[in-house]
Structures are given as C-alpha cells and as structure tokens.
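First comes the structure, then the notes that go with it.
Residue numbers begin at 1 in each chain, while the letters A, B, ... track the order of the sequences.
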Amino acid sequence: MELKNKKWSDEQFYKVREEVLNQWPTGKEIDFQEAADYLKKVPEHKNFSLKLKKAKEEGITLAQPRAGVALVDAHIELLTYLQDEGGADLLPSTIDSYTRQNRYNECEVGIKESEKAGRSLLNGFPGVNHGVKGCRKVFEAVNLPLQARHGTPDARLLTEIIHASGWTSNEGGGISYNIPYAKSVSLEKTILDWQYCDRVAGIYEEMGIKINREPFGPLTGTLVPPCISNSVAIIEGLLAAEQGVKNITLGYGQCGNLIQDVAAIRALVEQAEEYFKAYGYNDIELTTVFHQWMGGFPADESKAFGVISWGSATAALAGATKVIVKTPHEAVGIPTKEANAMGIKATKQTLNLLRGQRLPMSKELEAEIALIKAETKCILDKVFEVGNGDLAVGTVKAFEQGILDIPFAPSKFNAGVILPARDNNGAVRILNAGNIPFTKDILDFHRSLLEERGRYEGRDVAFQMVVDDIFAVGKGVLVGRPENK
Amino acid sequence: MELKNKKWSDEQFYKVREEVLNQWPTGKEIDFQEAADYLKKVPEHKNFSLKLKKAKEEGITLAQPRAGVALVDAHIELLTYLQDEGGADLLPSTIDSYTRQNRYNECEVGIKESEKAGRSLLNGFPGVNHGVKGCRKVFEAVNLPLQARHGTPDARLLTEIIHASGWTSNEGGGISYNIPYAKSVSLEKTILDWQYCDRVAGIYEEMGIKINREPFGPLTGTLVPPCISNSVAIIEGLLAAEQGVKNITLGYGQCGNLIQDVAAIRALVEQAEEYFKAYGYNDIELTTVFHQWMGGFPADESKAFGVISWGSATAALAGATKVIVKTPHEAVGIPTKEANAMGIKATKQTLNLLRGQRLPMSKELEAEIALIKAETKCILDKVFEVGNGDLAVGTVKAFEQGILDIPFAPSKFNAGVILPARDNNGAVRILNAGNIPFTKDILDFHRSLLEERGRYEGRDVAFQMVVDDIFAVGKGVLVGRPENK
Amino acid sequence: MKNKLVLGVIGADCHAVGNKILYHAFTEAGFQVENIGVLSSQEDFINAAIETNADAIIVSSLYGHGEIDCRGLREKCDEAGLKGILLYAGGNLVVGKQEWSDVEKRFLDMGFNRAYPPGTSPQTTINDLKKDLGW
Amino acid sequence: MKNKLVLGVIGADCHAVGNKILYHAFTEAGFQVENIGVLSSQEDFINAAIETNADAIIVSSLYGHGEIDCRGLREKCDEAGLKGILLYAGGNLVVGKQEWSDVEKRFLDMGFNRAYPPGTSPQTTINDLKKDLGW
C-alpha cells in the first residue's frame, strides 16, 4: 500500500483489517457492530473525550497515572486502588513490552509465570492476550475513562481490542511510537499502521462514538527541545485528523525551565490550531497533556516528591488539560500501587492549590513562545516541502534527511545527529542541530546561550555538558554543572 | 523607662541588663567580654549573617527547618541528623513554649520528665535552663549557623544566652512575638524588651561580630494580607536598625497565590530598602525569608509533600534568601527527625531544580507589587503620624486605634476587627478592614474582588468564606468553596 | 435552657485561630460558650466553670504540652466542687507522631470523658456533647 | 591490547539513553565496545561476542523484564563455546521495588558474575571490569 496522507477507503481498511484480526486468536472475538453498540452504552463520565472536554472548559488540569500488571484481577485491583485511594481523574492501562513488540507468545509465558509467582513478571497489561473479554472486565470494574498507554509500533490489533472493550482513548502515533520505541521498523510501516489505528477511531467517530487519540509527546523523554516534540505532535495530530479523528490530545514532556515549559504548551496549542485550520480540519477538539519529568529521578522518595510536585505546578501554570503522574519509586522501576497512589495525591494537592492560577504573560514568555513557533515552522515547512505537499511522505523523507531528528532515539531511521544541552537557566537548547533547517538567527541564538553557560562554567560547549545534563535531575539539580560550580 | 524609637544609652542598657541576668541562675554565667571572644572565633561558615549574605549574592535560596527537643544530647542528635541526612543549609533551635512564657520552673519539670520518659515532653529546646554551657555544647556539635526560633514576648535573657553561645541569629520582634504569641502583654513592654534584644545584637556588631536578626514574618500564619505583615516587618526592621542591628532578614508567610506571594517578597525588599534609606540606616544588609504554608495541612503525607514543594517553588521564584521548611507530619504535630529531614529534602530538590529561575515581570505582577506597596504606605504613614514621628510610640497607638490589626491574633491589644478572605484566584484580600487606613480606591478594589468570588460561588461575601478558607488547604484546595463549586 | 461550655487553650499555648473557629461553631450549634481564650491555666478553666455554672469544659492544646498541662485537672475540678463536669480535650495533645489509641487512653486515664485527635471536625465534638448532655 | 566488550539492552526493551552513555563511558575507559543497542536477543549478544572474540558481555535491562529475558543466557554461552566469558547485568532488572540482595542472588544463581542495581555509576562497572579482567 502506498503511503499518503489521505483517509483510507473502506476497501483499503477492511482488507487490512481481515489480516489484523488474524494476528492472534483474540482478534476473532471482535465484531464492529457489537463493539459500537457496547461503546454507545459507555456512560458520559467514563468517556475520555467528554471528560477532557469538560476539564478544558472548566480550566482545570486532570491527573492520570501510569499502571499495568500481567493479570486481569490484579490489574483491576491496581486501577481501583488508584481511582479510590489515589484519586486519579483518568485511568490508564500501561501495556507490557512484549505486547509492544507483538510477541504474544512471550506474553503467554509472562502471564503463566505471574500466576505461578503470585506477582507480575510483566511490566504492563498484555491487552491482546487478554482480549476483549479481559479488557471489558477491566473497563466494567472501574468508574473512570480508560486509556491504553504503550509504545507499540504496530498497535493495530491492540487498538481494535481496547476500543471494542470500551476504552475510549489510545496513546501513540506513527512517529512517536516508532523512533523512540523501535530499532529497525520503517517509518512507512508505522505511519501506515497508525493510520489504521486512527481510522478505527475515525470510524467510531462517524458512528457517533467519541474516541480520544493522544500522540506520545515526550518522545525519548531526554532533553527533547520543544520545537522537536511540538513538530512531531502537530504532524501526528494532522495525520490523525485526516483519518477522521476529532478529539486529539497533544503532549509535551517537562524540560524543567518554567518559562520554556509554559511556552511550549502555549505554542503547541496555538500552532496546532493554526495548522488544523489551514488544512481544513475545522472541528477538532484539541486538549493538551503535560508529562512530569521523564528523565532520571532521584532515588530518595522525598526528593522524588519535589520533582513530582514541581511538574504538577508547571502543568497547572501552563494550563495543560491533564498531567501524567510519576511516582516516588520512579528511580527504582515499576512502583507499588501504594507508591503510585502517593504520586497522584501529591500531584492533585498541587493542582488543587494552583487551580485557576496561570503564568501571566511576560516579555520573556512571549519571546519563548515566538521562538518555539518559529523553530517549529522551520521544520514543518521543510517537511511539507520534501513531501511535495504530502505530510506522510514528507515525514519519512524528513527523517531520512535529518530534518526531523530526535535526540537519543534508538531507531536506525533517525539521524541521531542532534545534540541538546541546557542553557544557564535550565532551558533546553541545541548544541548541534545537524540538518534541522533552522534559520541562521535561530542557530546563533542557541549557540550564544550555550556559550554563555560555557563561560559561566569555565569549560567548552561540548558533549560532556550533555552527559552532565542527563544525570543532573537524578542528582538533585537541573543543570549539570562541573563540580566547582 | 519611656518608650521611644531611639538607641538605648549604655547606662540604660546595663542597668536593665543587671536585672535580666538575674532572672534565672544561668544568667550569671554570662560575661560580655568572654562571650565576644567566643563569638569572634566562630568560623565564617557558621556565621548566620555571612551565610545569608553569600546566598543573596549568589541568588540562591537556603533551606532551614524548625526543630527542638528538651534535652541537650537529643537536641544535638536531632540537629546533626537534619544537617547530615536532611541537608539543611541553616539550623534552628526551636525554643519550647514554657521558656517563651518565661516559666523556667515548668521547663525544669519538662526536662526531668523527658529524662525519665526517654522522649521529649517539651515542644522545643529550653535554652535558658540549659544556659550558655548547654547552648555552646549544641553549637559546637553542629557545623552550620544556628538560630533561636521561638515566640517569646520577653526574650532578653534567652537572647543573652544564645548569642553568648555562638548562635549568630535570633528570631522575633516587639510586635511579631507579642500580638500572635501573647494574650495580655502590653506592646510598650515587648517593644522595649525587643529593643534590648536588638541592642545586644547592636553591641556585638559594634565589636565587629556579625549577628543576624529576623522579625517573625507570618504573624498568625492565617490569611494575613501581605500589606499587614510587610508593615510589621518594616517597622521591626527600622526598630532593630535604630539599636544598631546591621544584618536583617524580613519575613513573609506564603498565602498561596503565586503572583501575590512573589509580589509580597519583591514589595517587601523594595519598600524596606526605601524606608531604611529614608531614615538614615544606610548600611543594612537586607535579606528575606519565605515561610512555607503556615496554616492547616492535609494529614496525608503525600499531599503534605505537595504543599511543601509548592511553597519551595514559590520561594525560589520569588527569589527569597531562605525558606522555612514544613514537614509531612505537619497536620499531626511535632515531627520525628526523619519526617523533618524528608521535608528538607523535598524542599531542597525543588529549590535546586529552580535555581536561577524567577517569575518574570508581568502586568499582573507589577500591579500586585504596586498595590501592596500602596497599602503598606497607607499604614506606615499613619503609624508615623499618630506617633508624632516616633515609630515605637506610633506602633503602640496604631494598635490601640486598629490602624495596625492582625487577623486571628490572641492579644487583647489587637483590635481584631480585620477579616481577610480569598478572592477567586486565591489571593488574600480584605473583607473587613476595620480601622486600617486604606484609601477608598483600595477598599473598593478588595470589595470588588470578593464580590466577584461571591457571584461565582452564588453566596454573599460573609464570615463563612473566612471559615471555609481557613480549612481549605487542609482539605486539599486553596479557596474554600461551597460544596457544589 | 442552653447548655453552658467553657472553652479555652491550656498552658503556654497561644494558638488562637482554632479557638476562634470553635467558639463560632459551638455558639452556632446552640451552646452558651464562655471563651477564656489562649494561655489559660487550669485555674482559669475552673474559675470560669464555677462562675458560669458550666456543664462542660473543652480544653484545646495545639503545641504538644497538653499531656503535662492537663494532668490533675480532674482532681482539681473535684476539689473545686465541679464533680462530674464533662471534660473534653483535643488538638495536638502530645509531642511527636504517636499512636492515637495510646494518647487517648492516657487522657481517659487522667479523667477526661473524651479526647480528640488532630483534625477533628467541630461537628464531631458537637455531636458528642449533645449525646453526653442528653439532648 | 584492548579488552573487548559486548554491550546491549536485552529483550523487548528500547531504553536507548543509558546505552548511549555506557558506550561513551566504556570507550573512554579504554575498552573496545561492540554496542548492539536496544531490543537485542540473547542470540544477538552471543553472536556479537563470538564475532568480536569478546571478554565480557554487559547486559542492560531497564523495563523490568530482565528476569525473564536473562534466563538461560549462561547456558547458551556455554553451548556456543563462550565458556567462562564474564556476564554482567544491570538496570531496573525486575518489576517493582524488591530487596536488592534478593534480586542480586537470583542473577548470580543464573550464572551472572555481577549484577547492578538501578542508579549504578558507569565507573563502578568499569572498576569491576578492570578487576575481573586482571588490569
């Protein structure tokens, strides 16, 4: 099938669908009409799109944890705890890493071993193996909207199963669930596969069922400059809209400098709305998600609470529609349900204290918003140009040419030349832009900020700054300074 | 002795001193010259004034806990733990409540019972009973500057003892350690007694020994409008300066609205500097202290971390020189040393992430600063006026006439007519100004903001709002709304 | 006829905010409240109870010294002719985070009829008062 | 002659940042590093070790499945003629917060020479490598 940014025909879709539903026995349980009937009975307060829309109207920020274990009953226990004790506003089901690689046989091993061991040996919920039956059991046991969160390059079968189970939101995208999550899967394939996932949501929309889609904002979660993640978010938003998706949540991962973080969210909303309008998608319900710090965490739980709370405060001051919550166990791996609830409680307390408070517009904030929008426009203009106007084709070519380049990504289809580093105020700037098509002014501006830091630290602007910055938050600071600074 | 804002003569001072040192047997241990020799040997890194000055120059915010127990060895263990495990930048000795009321006999009971019980039955360190010997033992066991924090209307003997023991900072003031801490002690007496304490610091200054003084900023810690606490802080700063104090830290307790809190600290610094200059005190080293939320805390420790971290973030964004740290046990009383260290760690992590970040100037921030300064000027002008130019006399008269009025204070010398309440954004406004001499514009502005809240909540602007606001943070929100809002 | 209460904060404790709120709440609930405020001694409570012919004494302590300050109050009430008067205590009664059941037992052993942990709603105490006073 | 290492992230794990940093640190420390990157199978590690004649295999696992993914690696190395090759594992090796001594024992029992908890500095591993390789 030829890659194009164009809504799939029914013929195309249903032909591929036959193959998808045969990938694992649970695929055969799915009946589109029965699923639609089931989804139509989902009450308003359990619909992801409606809850986000309401939060946006009220100007509040919702809190959503990450969570998933191998077995259905244990997963229900976990989610119920986060709902009742943690006070989560939205629930996730984090999918395990074998499912993400479509290794369903290994999932079976993990499920069996987890039953035997009495603890989860999988790092998430194997939704495909549990099928519609298991996924509906989870959905019916909780009282909040449910979303699949994963990192699956080919999530077509998973998508079919979760939506048919009443889960009204799906995270991911052809770029954001490939470049940071795969080593050798081509972008052509993942963009096509995510067009399929978007089309599933679009078909439900056409049946009057509201489904939310959320491209994964933070990418590698490591010093990603806002213009990079905003560019990817806008591209994936446009690709989803073309397939008929109407309710879209664009995401961003906290960098740590308040002004940059608030500017990133504001620039993302303003610019995405401009692009949706420019390309004729006039009825998109756009919301935002802010991810608390995605990099290395301090091992000490009190310090972790400091990181979590500061992320929550930034999300509130930025006016994000929801925030993805970290836990005090972040440094040591997957948290207990108690630790997970603790993260939610610290987050919600902070959000509630800050309800209605926004970072006011200032000269500095205005300049940062303008910078991010200008950078993003440089990238997106070039993506459209190399695709001869086709965004899907342009995206593939842009990665080939390093026009889009995501720091620290494992994919061999990513140039991996870009190097980010923090400036003296902790904002993420670009040390080496590789082939990202910035204007000379923008490049000079980044360079001058990093040289200012270099002078302050008495060292050259070089790779060691990047390494130091990666470890900094885990060591308790934002900027990785040399020891004597 | 007649109350006047005028540096005490040596004759006055040494006459009173004789009486002070006879208040309790440990007073006789003090020899001014020996104490001065001891203080001159205090190393730079253990001098409060020098550490604050350095922090101000570097633009960083220091973290200081509260802590104190009955027995010397246990107190040393506690402070050492907060220093080594908690990472405190400055150490306190919180003085127990019997000492604060000069009930040294009851302290003896508390000390004996604590020895017997193996746990502290006093809520702080009884510095007078332990005397110079005990206080020096504490000072020599730690490696950071040490400050007495208390709430003692008559702290003259305590002041003599702690400074002679190498403690280079003393919290308190004639207003701030009377009105919120006493029921029937006259202001004339406490202002005189704190002139004595200031004069002790001033005499040491004249000997070349740097002593820091810190008026207690938050007063009752309950919905105190910034103009009230800033007025008291500036008055106490001026009174201290007159007695020869050079290193002054003015304080403010977090209200919870970011813009108001940052504005309060900025207004305080700008206006205090103006007043110091106007009254001829040209060599004051002025720093600031920001108190994390002083009102009711949530009982849940994760939620408490949210409150603590948000206070730390505000302190950093305001550019305060130090922050006073709360603990996750705040709701249940005096914390264990572990909980105390946890509060410091969450605080320092937040401060470190925010190092160098400030809330940028905006139209909103500028307006709030201007408002606080205008309100404070209304009050201070009138205080000088009713004192016929004498600030000490004016302060006494101002309290008599309700020109100065501190919400929820226990003192019978406080008018207690003022009623504060939050506006829709959580900023503390004034519902009933009593006799505080604001202009009509200012009064109308406060009224209009509260009426806006009333309309939003569908209720009248009345005392119930105040009650709801007092309990709100403990319940997880900043503004005490009716249930349906 | 309204039941009469004596309300105050005992010992060297000057926490005034909760005291003002309790006064407001008890008055609203229909009691006649003599509020002796902060920094009140055992004698202040007893004198006020005698003067007003009170049915109950409500002792607040927010600063951790409650254990020392409240000791012997029941015996002094008995001596002063206030036999059987209701004695309640509440607040942060002890230093540090202790098991509440232990703290409560200590106060009941001291002769208090009821003791309340930090964060108790005024309504809880009001309900108990109404029960104990036979409303 | 430089010691040779095979470095990679095992299983369905795509955490690339730490892998890039480790490659940088080991190379700087004087090792010749064959980095097979993320999403590597046991076979990928073994093949790379045979091809480069490696002295040690350093397995990272950041996603909690390390316990399943690493099982049998020692036996497969033996079968492939890599008898006695150093096997290290490190990262977030298991799901959830578990006692590190238990986790370490499980990995040593599986035939690993060393196992490292989360947050281990690259320098620790470098020092151990130098010791185990007789520098």
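Listed in order of number, the residues of residues 295-304 of chain A that approach chain B to under 4.5 Å between heavy atoms are Pro298(A), Asp300(A), Ser302(A), Lys303(A). Among residues 305-327 of chain B, the residues having any heavy atom closer than 4.5 Å to a heavy atom of chain A are, in sequence order, Phe305(B), Gly306(B), Val307(B), Ser309(B), Trp310(B), Ala313(B), Leu317(B). Residues of residues 338-347 of chain A lying under 4.5 angstrom from chain B, judged on non-hydrogen atoms, are Met342(A), Lys345(A), Ala346(A) by number.
The shortest heavy-atom contact between Val477(B) and Asn352(A) is CG1-CB, 3.9 Å. Glu364(A) and Pro360(B) get closest at one heavy-atom pair: OE1-CB, 3.3 Å.
Not counting sequence neighbours, the partners of Asn424(A) by the side chain to side chain donor-acceptor pair (under 3.5 Å) test are Arg481(A).
In terms of heavy-atom pairs under 4.5 angstrom with chain A, the leader among Asn425(B), Leu354(B), Val479(B) is Leu354(B).
Heavy atoms closer than 4.5 Å to chain A are found in the side chain of Leu359(B), but not in its backbone.
A 6.0 Å sphere centred on CD of Glu44(A) holds no more than 12 heavy atoms belonging to other residues, nucleotides or ligands.
Side-chain atoms of Gln357(A) and Asn257(B), non-hydrogen and from C-beta on, do get closer than 4.5 Å to each other.
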